[in-house]
Visitor: 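Sharing a structure below in structure tokens format, with a few things to ask.
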Amino acid sequence: MATINFDKEKKLIFSAIQPTGTFTLGNYLGAVKNWGPLQEEYNCIYAVADLHSITVRQEPAKLRQNSMQAYALMQACGLDPEKSILFFQSHNHNHAELSWVLSCYTQFGELGRMTQFKDKSQKHADNINAGLFTYPVLMAADILAYNADLVPIGVDQKQHLELARNIAQRFNQVYGDFFTLPEPFIPRMGAKVMSLQDPTKKMSKSDENPNACILILDDKDTIIRKFKRAVTDSEAEVRYAQGKDGINNLMTIYSIVTGKSLEDVEKEFEGKGYGDFKLAVGEAVADHLAPVREKFDRLMADKAYMKKCYTEGAEKAMMITQRTLSKVYRKVGFTDFR
Ligand code: TYM
């Protein structure tokens, strides 16, 4: 049986990512890259949110493959199964069970106001299913089942996190203080990486134009080619300023992967054209991601190790959430099982 080696003095972090294809540079810079360093200071739990992914129709074999890749990528991006709990959401049935209870404490109107629901139901007008609508309740269950203190996310998930807090507060008002109110943990830079083809929109794996989005497993040539084609402005001056969405986005990306400040980036490219700058961004990103790809390839070749990691991860996750769920069932008035 797996044992949990969390330090009781430390705060708890929970986050998750959907396995709908390889991670984008947005997923990476806005979320996953920041998860690794948090492992030293916090108790961390990270999941592959496969239950969430079926709100959009998935091809089963592809979903299985994407899920395994997402699990390997979490480790390749710096998550350590010895320090953190890493698991597949579908392996822990407590998430779905708690989600049902919480859905009875969530208002229809609240869910209708979720911007992601509005966007996705426009995008998938032929499949506006109930899961797409109740998705934020499952996300609240993911977080509240562990009584997480902090949730590292990109800006696009902030509204869902606020809803999770509201659900927790409502439950606490009825049954007394029980759920911890989770706080969002949004990075200062990279919280919203923009599309390379339309820098007023966030970078997303569902973008129809493959040049809009860098996948973290793209090879060096592809990364450089996509950056070279990035849409910018007609000014030809590498400067961070209002109205220069494309350049601001590229400067932010370059600044994060090189560790240079925006001012230093401006100085570095003073008097140089966008061509040089785009090439430099592409090379810096590709070099930064090269070790991730190498580690990913090694992990994917070791299925037995991966299985051991995700089985133990799910066992630990279940231990924690079973306690929460039993207490919730008791509070709402269900008959004791044993
Ligand atoms: P998902 O899978 O869409 O994205 C995973 C993480 O990546 C961030 N992100 C971005 N950050 C910056 N720029 C971008 N262009 C960009 N695109 C995505 C997201 O904000 C997210 O942090 N519902 C969640 C997964 C989830 C979850 C949870 C997260 C399920 N349960 C509980 C936190 C807590 C989602 O679909 O993320």
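When a ligand or atom number is given, it counts from 1 through the structure's own listing order. Just so we're clear, the structure is a prediction, and the values are computed from it rather than from any experiment.
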Visitor: For atom 31 (N) of ligand 1, which protein heavy atom lies nearest, and how many Å away is it?
Guide: D142 OD2, 2.6 Å

Visitor: Heavy atom of S204 under 4.0 Å from ligand 1?
Guide: no

Visitor: Can you tell me how the ring of Y254 sits relative to the ring of F269, calling it parallel under 30°, perpendicular over 60° and tilted otherwise?
Guide: perpendicular

Visitor: Would you kindly specify which portion of L161 sits under 4.0 Å from ligand 1, judged on non-hydrogen atoms: side chain, backbone, both or neither?
Guide: neither

Visitor: Any heavy-atom pair between the side chains of E315 and H91 that's under 4.5 Å?
Guide: no

Visitor: Calculate, to the nearest 0.5 Å, the distance between atoms CG and CZ belonging to L38 and F185 respectively.
Guide: 5.0 Å

Visitor: So, D156 and K192, do they make that salt bridge, N to O below 4.0 Å?
Guide: no

Visitor: Against heavy atoms of A31, which atoms of ligand 1 measure under 4.0 Å?
Guide: 6 (C), 7 (O), 22 (O)

Visitor: Salt bridge or not for E110 and R170, using N-O below 4.0 Å?
Guide: yes

Visitor: Flag the pair R293 and D219 as a salt bridge only when some basic side-chain nitrogen lies within less than 4.0 angstrom of an acidic carboxylate oxygen.
Guide: no

Visitor: Is it true that Y28 lies under 4.0 Å from ligand 1, counting heavy atoms only?
Guide: no

Visitor: Does the distance from a Lys or Arg side-chain N to an Asp or Glu carboxylate O, for E268 and K272, drop under 4.0 Å?
Guide: no

Visitor: Just jot down the ligand 1 atoms closer than 4.0 angstrom to any heavy atom of A191, in number order.
Guide: 11 (N), 12 (C), 13 (N)

Visitor: Y310 versus S67: any side-chain heavy-atom pair under 4.5 Å?
Guide: no

Visitor: I'd like to know if E283 pairs up with K220 as an ion pair, taking the criterion as any Lys NZ or Arg NE/NH1/NH2 lying under 4.0 Å from an Asp or Glu carboxylate oxygen.
Guide: no

Visitor: For ligand 1 and Q116, I'd like to know whether there is a polar contact (N/O to N/O, distance under 3.5 Å).
Guide: no

Visitor: Is the shortest side-chain N to carboxylate O distance from E312 to K308 below 4.0 Å?
Guide: yes

Visitor: Once you restrict to heavy atoms under 4.0 Å, what part of V151 touches ligand 1? Side chain, backbone, both or neither.
Guide: side chain

Visitor: Identify the closest protein heavy atom to atom 19 (C) of ligand 1: which residue and atom is it, and at what distance?
Guide: D156 OD1, 3.2 Å

Visitor: Provide, to 0.1 Å, the distance between atom 13 (N) of ligand 1 and the closest protein heavy atom, together with that atom's residue and name.
Guide: V193 N, 2.8 Å

Visitor: Nearest non-hydrogen contact with atom 22 (O) of ligand 1 belongs to which option: S15, S53, G21, G154?
Guide: G154

Visitor: For ligand 1, does Q18 get within less than 4.0 Å through its side chain, its backbone, both, or neither, judged by non-hydrogen atoms?
Guide: both

Visitor: Can a salt bridge be assigned to the pair K267 and E263 using a cut-off of 4.0 Å between side-chain N and carboxylate O?
Guide: no

Visitor: Would you mind running through ligand 1 and noting each atom that sits below 4.0 Å from a heavy atom of Q157?
Guide: 19 (C), 20 (O), 21 (C), 23 (N), 24 (C), 35 (C), 36 (O), 37 (O)

Visitor: With heavy atoms under 4.0 Å as the rule, classify the contact between I153 and ligand 1 as side chain, backbone, both or neither.
Guide: both

Visitor: Check whether any N or O atom of H160, backbone or side chain, sits under 3.5 Å from an N or O atom of ligand 1, and answer yes or no.
Guide: no

Visitor: Which ligand 1 atoms, with their elements, are less than 4.0 angstrom from a heavy-atom of A49?
Guide: 30 (C)

Visitor: Can you give me the closest heavy-atom contact between F6 and K83, atom names plus distance?
Guide: CE2-O, 3.7 Å

Visitor: Hey, what's the ring geometry for Y28 with H288, parallel, tilted or perpendicular (30° and 60° as the breaks)?
Guide: perpendicular

Visitor: Which ligand 1 atoms, with their elements, are less than 4.0 angstrom from a heavy-atom of G30?
Guide: 11 (N), 12 (C)

Visitor: Please confirm whether G26 comes within less than 3.5 Å of ligand 1 when only nitrogen or oxygen atoms on both sides are compared.
Guide: yes

Visitor: Would you say N27 and ligand 1 have an N/O pair spaced under 3.5 Å apart?
Guide: yes

Visitor: Which residue and non-hydrogen atom of the protein lie closest to atom 23 (N) of ligand 1, and at what distance in Å?
Guide: Y135 OH, 2.5 Å

Visitor: Can you tell me how the ring of H95 sits relative to the ring of F14, calling it parallel under 30°, perpendicular over 60° and tilted otherwise?
Guide: tilted

Visitor: Could you tell me whether A16 approaches ligand 1 through its side chain, its backbone, both or neither, with non-hydrogen atoms closer than 4.0 Å?
Guide: both

Visitor: Just distances here: any N/O of M203 and N/O of ligand 1 closer than 3.5 Å?
Guide: yes

Visitor: Is there a polar contact between ligand 1 and T24, counting only N or O atoms under 3.5 Å apart?
Guide: no

